[in-house]
There are 2 protein chains.
Amino acid sequence: MTARVTMRDVARAVGVSPMTVSRALRDDETVNEKTRHKIRQVANDLGYVYDTTAQAFRTQKSGFVAVTLPSINNANFAETFRGLSDGLGASGMQLLLGSTNYRVEKEEELVRQLLTRNPEAIVLTGGHHTDETRALLRARNLPVVEMWDLPTEPLGHVIGFSNAEAMAKLVTHLAESGRRRLGYIGASDLTDLRGAERRDGVIAKAAELGLPEVEFLDAGPAPVSMRHGAQAVSALGANLRSFDALVCVSDPVAFGVLSECRRMGLDVPGDIAITGFGNFEVASVSDPRITTIGVTAREIGEQVALLLEDVFAGNQRDGPRVVDVGSRLVRGETS
Amino acid sequence: MTARVTMRDVARAVGVSPMTVSRALRDDETVNEKTRHKIRQVANDLGYVYDTTAQAFRTQKSGFVAVTLPSINNANFAETFRGLSDGLGASGMQLLLGSTNYRVEKEEELVRQLLTRNPEAIVLTGGHHTDETRALLRARNLPVVEMWDLPTEPLGHVIGFSNAEAMAKLVTHLAESGRRRLGYIGASDLTDLRGAERRDGVIAKAAELGLPEVEFLDAGPAPVSMRHGAQAVSALGANLRSFDALVCVSDPVAFGVLSECRRMGLDVPGDIAITGFGNFEVASVSDPRITTIGVTAREIGEQVALLLEDVFAGNQRDGPRVVDVGSRLVRGETS
DNA sequence: CGGTAACATGTTATCGGTACCAAATGGCGC
DNA sequence: GCGCCATTTGGTACCGATAACATGTTACCG
């Protein structure tokens, strides 16, 4: 339980001022190289550990970038996080992660909590937020990035894509392959706004193409995954045959749907087509491979990292950056 | 770019001292309720945001718990993180997450970085660390939790299970069902030490039961997932037939193996048995369901949270806590 | 009405770095 | 030897909250 070793202690041991130690440990060129070396060595010997908290306090720069994700247990968001984390590693920024469980109210609470840590930027997933969240963020003069969406009223920078447009590609593809009776499987209303956008995209495109009304099959509150897809299908029972295509909110759901359809004796894609979203690993490994939408999850994270580096370096003065990273149809064997 | 609103400003506006504001905002009962209310309101009106950095600095308590995970993109670790995060939510602790990519050297770097943030506890995945990491942690008088393993020389508390023992259950099960020619599919040596423990567990138990030597099929450096499992199998080609059971390091790998086996025309489990590890969602949803080892990923996180709450509350004085959460065989349809 | 306990609020110093400015030292030209 | 500049180092105050202690205020007693 000995007292903490501080720069003062190191300074005394070396015989210089704390200021010189501070400079030396930050590799300030103005400190004589021999002195720097000596200081580093003594610091090491004494078991000195730099106190980032004190630095953050004094400089009023926390070295934090706050990030909110709907769920950490989602391969796509995890990839985005990795891209962001790796991309930001060089700049010495630490990520502060919070998970919203797909709820804007939870997001608000999180943002409130994260802001008390003085992050130097905040990255939000999606473009839907409570008014209070928007107010909180606007009040701060803080770089904000929204990702995974193209919000109509962005809070700042945007690195995303259009969910509706992506779904339109799928619906067009299905219609061209002769499918007409579509069902959409996703999370309950209002629990996953990005999912709702996808559903609306499906409905709109189907209407535009003159297909019958798309039926919404509720898989329960977000997050929905493999088992929820399977359950939604088994709940349908014989009614399953009234569809010739099931459009799913994500690949895991689609995989659950696929497995259950096969258990029920349906031929995929013979009897019914299935599509997913996100180009998760399971889509390309499963047999048959699942038709899906490829989104560049990792790239989104990397782009956010690049953007933030520019922002921190002052190279992003000319207003917010808005990047549509797009999405692409990935044809599998389920359609 | 107005200057930051501090407690001083709030104090001046209300006509009390900063100290009273500080107390009021922390809901100190000794502050008159009316005063407290007034202060909260004024703070709100002025757009005051509490500065946790300053608090952390002054109190020398960061409010952080550092966590290292091998990978964030892994459903099991993500679940553990969620359990930990949810469990710790009430205590107001913030998680500081770092990902080691299954490398102890990366872990060391991470630990070094995380320690500069003065965490109040650190949670490590696994029981393998570099000597330097061990030294760093021992030098600090910091609660340490190792999880997902039962280390022979724990650094502090342990919430885990025996990987070798879990694999022994699988091998016993396979042997009892008449399988003899086992292959083990996992990551390359030294890139995933927990995976190596699993492999050694398989080899040991197979030897004990008098089975032929287990062959190691290298799926590449960690992390390995679905596609690596599939690739390992397709690389085997016709040699695949020399096995009657494939033991995989994880369920995603097993799923890749399963899919590829079926693409190659093998009957599972008729021609070959397949087992996974972790009881991931894919194991129970896939058709056929995958035989696996159930580990209570979420519970591990929750238990760590409970343990830490006890530690913070001072209710864990009598030495380190070591909990074996165990594991169980989950019979699927692939064996 | 003095005394005391219970309650409510204020004062001062401090956590460990670092911005800002001052100053010591050494080298060089004239 | 002097002036000047470059290089290197030091002194002081401060970031915003709060622990520890001191003080003021009210209520109620005999």
Side-chain angles (χ1 to χ4, degrees), chain A residues 1-40 42-43 46-64 92 115-120 140, chain B residues 1-40 42-43 46-64 92 94 113 115-120 140:
Chain A
M1 261 323 184
T2 54
R4 177 189 193 95
V5 180
T6 74
M7 280 191 183
R8 254 174 252 292
D9 301 317
V10 178
R12 202 170 313 130
V14 179
V16 294
S17 74
M19 198 58 236
T20 303
V21 175
S22 170
R23 282 193 269 253
L25 294 180
R26 277 175 298 151
D27 253 332
D28 187 327
E29 301 281 339
T30 71
V31 176
N32 183 292
E33 192 174 329
K34 258 163 57 182
T35 316
R36 256 188 289 167
H37 199 79
K38 181 81 185 294
I39 289 174
R40 284 202 170 280
V42 172
L46 293 182
Y48 170 78
V49 180
Y50 188 85
D51 187 341
T52 307
T53 306
Q55 182 197 41
F57 176 54
R58 168 67 239 229
T59 62
Q60 297 291 67
K61 290 189 168 185
S62 62
F64 282 128
L115 284 182
T116 72
R117 294 278 181 184
N118 284 321
E120 300 185 40
R140 289 273 192 125
Chain B
M1 262 320 184
T2 54
R4 178 190 191 91
V5 181
T6 74
M7 281 191 183
R8 245 175 261 292
D9 301 318
V10 178
R12 202 170 314 130
V14 179
V16 295
S17 74
M19 197 60 234
T20 302
V21 175
S22 170
R23 283 194 267 253
L25 293 181
R26 278 175 299 152
D27 254 334
D28 187 327
E29 302 281 341
T30 71
V31 176
N32 183 294
E33 193 174 329
K34 259 162 57 182
T35 316
R36 256 188 291 166
H37 199 79
K38 181 85 186 295
I39 289 174
R40 284 203 168 281
V42 172
L46 293 182
Y48 170 77
V49 180
Y50 188 86
D51 187 340
T52 306
T53 306
Q55 182 197 42
F57 176 55
R58 166 67 237 229
T59 62
Q60 296 293 68
K61 290 187 167 191
S62 63
F64 283 129
Q94 260 269 347
Q113 190 194 122
L115 284 183
T116 71
R117 294 279 181 185
N118 285 321
E120 300 185 40
R140 289 270 194 129

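A, B, ... follow the sequence lines: proteins, then strands. Residue 1 opens every chain.
Listed by chain and residue number, nothing satisfies the side chain to side chain donor-acceptor pair (under 3.5 Å) test with B/Tyr48 (two or more places apart in sequence, or in another chain). Checked against ring pair (Phe, Tyr, Trp, His ring centres under 6.0 Å), A/Phe64 has the following partners two or more places apart in sequence or in another chain: B/Phe64. Applying the side chain to side chain donor-acceptor pair (under 3.5 Å) rule to A/Glu120 yields no partners; only residues at least two apart in sequence or on another chain are considered. In this view, A/Arg40 and A/Asp27 satisfy the salt bridge (Lys or Arg N to Asp or Glu O under 4.0 Å) rule, not counting sequence neighbours. With sequence neighbours excluded, the residues that form a side chain to side chain donor-acceptor pair (under 3.5 Å) with A/Ser22 are A/Arg26. Remark: B/Ser17 engages B/Thr20 in a side chain to side chain donor-acceptor pair (under 3.5 Å) (not counting sequence neighbours). With sequence neighbours excluded, the residues forming a side-chain contact (heavy atoms from CB on, under 4.5 Å) with B/Ala56 are A/Thr53, listed by chain and number.
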Could you run down the sub-3.5 Å N/O contacts of the protein with nucleotides 26-28 of chain D?
none

Legend entry - side-chain contact (heavy atoms from CB on, under 4.5 Å) evaluation trace for B/Val10 with B/Leu46: CA-CA 7 Å; B/Val10 178; B/Leu46 293 182; 4.2 Å; yes
Inset, instruction - Walk me through it: do B/Arg4 and A/Asn118 pass the test side-chain contact (heavy atoms from CB on, under 4.5 Å)? - result: CA-CA 11 Å; B/Arg4 178 190 191 91; A/Asn118 284 321; 3.2 Å; yes
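Across all their heavy atoms, A/Pro18 and A/Ala11 have their closest contact at N-CB, 3.6 Å. Among all heavy-atom pairs drawn from B/Leu115 and B/Arg140, the shortest one is O-NH2, 2.9 Å. Contact record, A/Arg117 with A/Ser62: O-CB, 3.4 Å, taken as the closest heavy-atom pair.
A nucleotide of DNA chain C counts as in contact with chain B when one of its atoms lies under 4.0 Å from a heavy atom; the first and last such, 5' to 3', are C/dA8 to C/dG16.
Interatomic distance, A/Leu25 CG to A/Ile39 CD1, rounded to the nearest 0.5 Å: 7.0 Å.
Residues from residues 19-40 of chain A that place a heavy atom under 4.0 Å from any atom of DNA chain D, listed by number: A/Met19, A/Thr20, A/Arg23, A/Thr30, A/Val31, A/Asn32, A/Thr35. In the region residues 50-62 of chain B, proximity to DNA chain D at under 4.0 angstrom, judged on heavy atoms, holds for B/Tyr50, B/Asp51, B/Ala54, B/Gln55, B/Phe57, B/Arg58, B/Thr59.
No donor-acceptor pair under 3.5 Å is formed between the side chain of B/Thr116 and the backbone N or O of A/Tyr50. Remark: side-chain polar atoms of A/Arg36 are paired, donor with acceptor, to backbone N or O of A/Val31 under 3.5 angstrom.
Where the helix from C/dC1-D/dG30 to C/dC30-D/dG1 starts and where it ends, the local axes point in directions that differ by 50°; five pairs per end, rounded to 10°.
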